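Step one of this worksheet: look at the structure below.
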Amino acid sequence: MAVIGVLIENMFEDSEYKKPAAAFKKAKHKLVHLGVKKGTVKGETAGIKVKVEKAVSDVDAGDFDALFIPGGYSPDLLRSHDEVVAFVKQFAATGKPILFICHGAQLLITANLLKGRRVTGWKSIIQDIKNAGAKYLDQEVVKDGNFISSRYPADIPAFIKASLDKLK
C-alpha cells in the first residue's frame, strides 16, 4: 500500500481527480490531500468537493510514496505559491513516482523539473512543456522514469493503468 500525496486546489478537473483517486483507493493505496492550506476545495466542472487535510508546509516529501497532480486550473493556482513549488522540488528529489495529467505539468515547469524529460499534457501547454526543455509526446500516457503523464480526461484509463503499474 502506497501513501499518495494529492496536490489539489480549487478548480481542479473533477474527472481527472475522481477516477484516478477511486482507482488508487480500490487498489488499497492511501490518499492524503495536500494544498496551500487545510480546507475544502471545489472542482471546476462538476463541483466535487475535496477536503485538503494538510498544508504542504506541514509535511515532508519523505511522508509519501507518490505524488498525484490532477489537472484543470488547480496546478496553475498551486504553482503561484512558493511553498508548493518547494515541496514539488523536494518530492522530485526522492525519485518517487510523480503522476500528473492535463495541466499538472505546470507545477513541474515552475519547479524546473522537466528539462530532458519526455512528457505529455493538455494542448494549451505544449509550448510551455517544450520551453521547459522537455520533449512533448502526443500520447495517451507517457512514462519517463518516475514521471507518468497524460493529456486529458479521455486518457484516464491508460493513466490509471500506468500509475497503478508504477505503484506496484
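The structure displayed is predicted, hence computed values, not measured ones.
Separating the NZ atom in K135 from the CZ atom in R118 is a distance of 8.5 Å, to the nearest 0.5 Å. In this structure, NZ in K89 is found 11.5 Å from CG in L107, a value given to the nearest 0.5 Å. From C102, atom SG reaches atom CZ of F159 across 11.0 Å, with rounding to the nearest 0.5 Å. Atom OG1 of T110 sits about 9.0 Å away from atom CG of D128, to the nearest 0.5 Å. With rounding to the nearest 0.5 angstrom, the OH atom of Y136 is 8.5 Å from the NZ atom of K130. Atom CE of M11 is separated from atom CG of D76 by 9.5 Å, given to the nearest 0.5 angstrom.
Checking side-chain atoms of D63 against main-chain N and O of D60 turns up a donor-acceptor pair under 3.5 Å. A donor-acceptor distance shorter than 3.5 angstrom exists from the side chain of T120 to the backbone of L137, with no hydrogens or angles considered. A donor-acceptor pair is defined here as one N or O able to donate and one able to accept, closer than 3.5 Å; such a pair exists between the side chain of E16 and the backbone of G71. A donor-acceptor pair under 3.5 Å is formed between the side chain of D14 and the backbone N or O of A46. Between the side chain of K28 and the backbone N or O of A2 there is no donor-acceptor pair closer than 3.5 Å. Looking at T94, its side chain does come within 3.5 Å of a backbone N or O of K96 through a donor-acceptor pair.
V85 approaches A111 most closely through the heavy-atom pair CG1-CA, 3.8 Å. Heavy atoms only, all atoms of each residue included: K42 and G47 are closest at CG-O, 3.6 Å. Scanning all heavy atoms of the two residues, the minimum distance from L113 to F147 falls at O-CE2, 3.7 Å. Between E140 and S150, the shortest heavy-atom contact is O-OG, 2.6 Å. Pairing each heavy atom of I148 with each of S163, the nearest pair is CG2-OG, 3.9 Å. S15 approaches P20 most closely through the heavy-atom pair O-CD, 3.5 Å.
Looking only at atom types and distance, the side chain of T45 has a donor-acceptor partner in the side chain of E13 under 3.5 Å away. Side-chain contact check for E44 and N10: no donor-acceptor pair (N or O, by modelled atom type) lies under 3.5 Å.
Side-chain contact between P97 and K166 is present, with heavy atoms from C-beta onward closer than 4.5 Å. You'll find the side chain of N146 reaches within 4.5 Å of the side chain of R117, heavy atoms only. Counting heavy atoms from C-beta outward, I8 and P70 have side chains that approach closer than 4.5 Å. A heavy-atom distance below 4.5 Å is found between the side chains of E83 and V36. Looking at T40 and V52, their side chains never come closer than 4.5 Å, going by heavy atoms from C-beta outward. L31 has its side chain within reach of K25: a pair of non-hydrogen atoms, C-beta onward, lies under 4.5 Å apart. Side-chain contact between L167 and I4: present, with at least one pair of heavy atoms (C-beta onward) separated by less than 4.5 Å. Residues V56 and F91 fail the side-chain proximity criterion, which asks for heavy atoms closer than 4.5 Å.
Hydrophobic clustering of Ile, Leu, Val, Met, Phe, Trp and Tyr side chains at less than 4.5 Å, counting indirect connections, unites I48 with V6. Under a hydrophobic-cluster definition in which Ile, Leu, Val, Met, Phe, Trp and Tyr are linked whenever side-chain heavy atoms come within less than 4.5 Å, directly or via other members, I69 and V142 are assigned to different clusters. I98 and I156 fall into different hydrophobic clusters, where Ile, Leu, Val, Met, Phe, Trp and Tyr residues are linked whenever their side-chain heavy atoms come under 4.5 Å apart, directly or through other members. Grouping the Ile, Leu, Val, Met, Phe, Trp and Tyr side chains by contacts below 4.5 angstrom, directly or via other members, places V50 apart from F87. Transitive grouping of hydrophobic side chains (ILVMFWY, heavy atoms separated by less than 4.5 Å) keeps L77 and F12 in distinct clusters.
Using a 4.0 Å cut-off between charged nitrogen and carboxylate oxygen, K54 and D58 do not count as a salt-bridge pair.
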_Could you walk me through whether V3 and H29 satisfy the side chain to side chain contact (heavy atoms under 4.5 Å, CB included) test, starting with their C-alpha distance in whole Å, then the side-chain angles of each, then the deciding distance to 0.1 Å, before giving a yes or no?_
CA-CA 6 Å; V3 177; H29 298 299; over 6 Å; no
*asked:* Would I101 and W122 count as a side chain to side chain contact (heavy atoms under 4.5 Å, CB included) here? Give the steps.
replied: CA-CA 8 Å; I101 188 167; W122 181 245; over 6 Å; no
*Going through the distances and angles, do V84 and R79 end up as a side chain to side chain contact (heavy atoms under 4.5 Å, CB included)?*
CA-CA 7 Å; V84 175; R79 71 182 180 159; over 6 Å; no
*Would D155 and Q139 satisfy side-chain hydrogen bond (donor to acceptor under 3.5 Å, both in side chains), going step by step from the backbone distance to the final call?*
CA-CA 9 Å; D155 297 339; Q139 298 173 358; over 6 Å; no
*asked:* Working note: V119 + L114, criterion side chain to side chain contact (heavy atoms under 4.5 Å, CB included); need CA distance, chi angles, decisive distance, verdict.
replied: CA-CA 8 Å; V119 300; L114 292 187; 4.0 Å; yes
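Taking the six-membered ring for Trp and thresholds of 30 and 60 degrees, F68 and Y17 have nearly parallel ring planes, at less than 30 degrees apart.
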